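Everything below concerns the one structure shown next.
Count residues from 1 along the sequence. What you see is a predicted model, and the numbers here were worked out from it, not measured in a lab.
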Amino acid sequence: MANNLSNSLILIIVSYFCLQIFLLNVDAKVTSIIVFGDSSVDSGNNNYIPTVLKSNFKPYGRDFKGGKPTGRFSNGRIPTDFISEAFGVKETVPAYLDPAYNITDFATGVCFASAGTGYDNLTSQILNVMPLWKELEDYEEYQMRLKGYLGTNNAEEMLTEALYIISMGTNDFLENYYVLPNRPLQYTIEEYQNFLTGIARSFITRIYELGARKISLTGLPPMGCLPLERTTNLLSGRDCIQNYNKVANDFNKKLRALVATLNSELSGIHLVFSNPYDIFYKIIQNPESFGFENEAFACCGTGTFEMSYLCEEHNPFTCRDANKYVFWDSFHPTEKTNAILAAYSVTTTLSVFI
């Protein structure tokens with residue numbers, strides 16, 4: 001038991017402080033962090049579009065610098081913020097639609113992600129959020145602005161040395177395929193996975209054509225263990241929905257294969273697959289080893305179903321210390337979990353870029 005405790009403490013220490021260790025590496029060749037995806041990496045773009053899926057109000061952001069709700073779906077920072085810091089770029093990655101920032105800020109990192117979106121355009125229509133094609137359109141506009149700011153040659157060099165992070169897919173299954181009738185009538189679950197993988201392939205190929213070379217494709221978490229999904233599994237005592245976890249695992253295998261294929265097809269690309277599934281599942285299965293006390297319920301509200309506007313400031317059930325919880329709301333991790341996931345990513349797949 002003492003040995004297990006020692007190993008757990010070491011793991012926690014590594015997870016929290018390896019980011020700072022990497023800051024000492026002055027030879028890191030990542031010039032900026034460019035982000036595409038959903039709420040796992042949205043730093044506030046949904047604040048500026050007409051959707052109900054927002055988090056720019058308390059208690060979101062209560063542990064963020066200054067206690068400010070920014071539109072991040074967490075109590076603090078999200079994984080891409082920690083990754084940016086780990087590469088010595090900056091502590092947070094600003095949202096492209098946020099008028100408080102300009103091209104000077106975006107030159108070293110920018111987020112185009114929109115909470116609630118997915119690879120499938122139909123997914124974005126459910127909550128009226130930005131589809132992936134709109135994220136790409138904004139990126140193309142950003143390229144033009146960056147060239148105007150830095151000059152064409154300097155901008156192209158900056159874009160080539162940038163690290164591109166893609167993180168989405170959960171909504172395609174949990175908010176689309178398993179909720180609406182459209183896609184199940186068209187595709188079996190494996191066919192739908194192939195459909196999404198094809199979209200991912202096209203998207204990566206397009207940003208490669210636009211100059212991206214260092215790209216991280218993020219897999220799905222154990223989505224059957226999200227508190228919201230566990231709440232729907234009352235007959236099984238709120239256990240994880242293992243079928244959803246299997247779908248996530250199977251889809252991750254297809255994404256991993258896609259990465260191998262594109263690395264062989266696209267000259268000069270350095271594409272990696274960043275898989276959060278295993279480390280996230282370990283946290284959920286053995287939370288105490290990572291310093292958590294609760295993995296089944298979220299911090300916000302009752303911890304069973306609250307998200308976005310249902311996670312509101314005056315809910316008397318919201319926890320006092322989010323660091324004891326794996327999840328902040330019924331769908332999203334706490335800042336502490338985000339830090340661990342980011343540290344794992346930086347010290348494994350992303351270390352090739354340092």
### Query
Do Tyr96 and Asn45 touch side chain to side chain, with heavy atoms closer than 4.5 Å?
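Side chain of Tyr96 against side chain of Asn45, heavy atoms only: contact under 4.5 Å found.
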Presence of salt bridge, [Y] and [X], under 4.0 angstrom:
X	Y	result
Asp250	Lys254	no
Arg201	Glu265	yes
Glu85	Arg77	yes
Glu335	Arg72	no

query = Shorter than 2.5 angstrom, is that how the SG atoms of Cys300 and Cys319 come out?
reply =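 No, the SG atoms are not under 2.5 Å apart.
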[X] and [Y]: side chain donor to acceptor below 3.5 Å:
X	Y	result
Ser32	Thr108	no
Asp98	Tyr48	yes
His332	Ser40	no
Asn121	Ser124	no
Ser114	Asn46	yes
Lys90	Ser84	no

With distance as the sole test, does [X] use its side chain to make a donor-acceptor pair with the main-chain N or O of [Y] at under 3.5 Å?
X	Y	answer
Gln193	Val247	yes
Asn171	Thr117	yes
Asn233	Asp239	yes
Thr337	Pro333	no

Do the two ring centres, one from [X] and one from [Y], sit under 6.0 Å apart?
X	Y	result
Phe331	Phe73	no
Tyr244	Tyr178	yes
Tyr192	Phe173	yes
Phe280	Tyr277	no
His270	Phe353	yes

Using 30° and 60° as the class boundaries, would you call the ring planes of Tyr101 and Phe106 parallel, tilted or perpendicular?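 If you compare the ring of Tyr101 with that of Phe106, the planes turn out tilted.
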Look at the aromatic rings of Phe112 and Phe36 and report parallel, tilted or perpendicular, splitting at 30° and 60°.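 Parallel, since the angle between the ring planes stays under 30°.
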Distance-minimising heavy-atom pair for Phe292 and Asn323: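 Looks like CD2-O, 3.5 Å.
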Test side chain to side chain contact (heavy atoms under 4.5 Å, CB included) applied to Ile166 and Ser216, step by step
CA-CA 6 Å; Ile166 305 166; Ser216 173; over 6 Å; no
task = Determine, for Tyr139 and Arg206, whether the Lys NZ or Arg CZ falls below 6.0 Å from the six-membered ring centre while staying within 45 degrees of the axis.
result =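 The answer is no; the distance or angle limit is not met.
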### Verdict with supporting geometry, Arg183 and Asp120, salt bridge (Lys or Arg N to Asp or Glu O under 4.0 Å)
CA-CA 10 Å; Arg183 294 311 190 204; Asp120 187 349; 2.8 Å; yes
Atom CD of Glu157: over 12 foreign heavy atoms under 6.0 Å: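 No.
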Tell me which one of Thr51, Ile49, Asp38 satisfies side-chain contact (heavy atoms from CB on, under 4.5 Å) with Met130.
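Only one of Thr51, Ile49, Asp38 forms a side-chain contact (heavy atoms from CB on, under 4.5 Å) with Met130, namely Ile49.
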| field | hydrophobic_cluster_shared for Ile165 and Ile78, side chain cutoff 4.5 Å | value |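 No, because Ile78 and Ile165 fall into different hydrophobic clusters, even though each may have its own neighbours under 4.5 Å.
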Practice prompt. Given side chain to side chain contact (heavy atoms under 4.5 Å, CB included), test Leu174 with Leu228 step by step and report yes or no.
Written response: CA-CA 10 Å; Leu174 298 185; Leu228 182 61; over 6 Å; no
Chi angles and distances behind the side chain to side chain contact (heavy atoms under 4.5 Å, CB included) call for Glu306, Asp329: CA-CA 6 Å; Glu306 291 91 346; Asp329 65 18; 5.6 Å; no
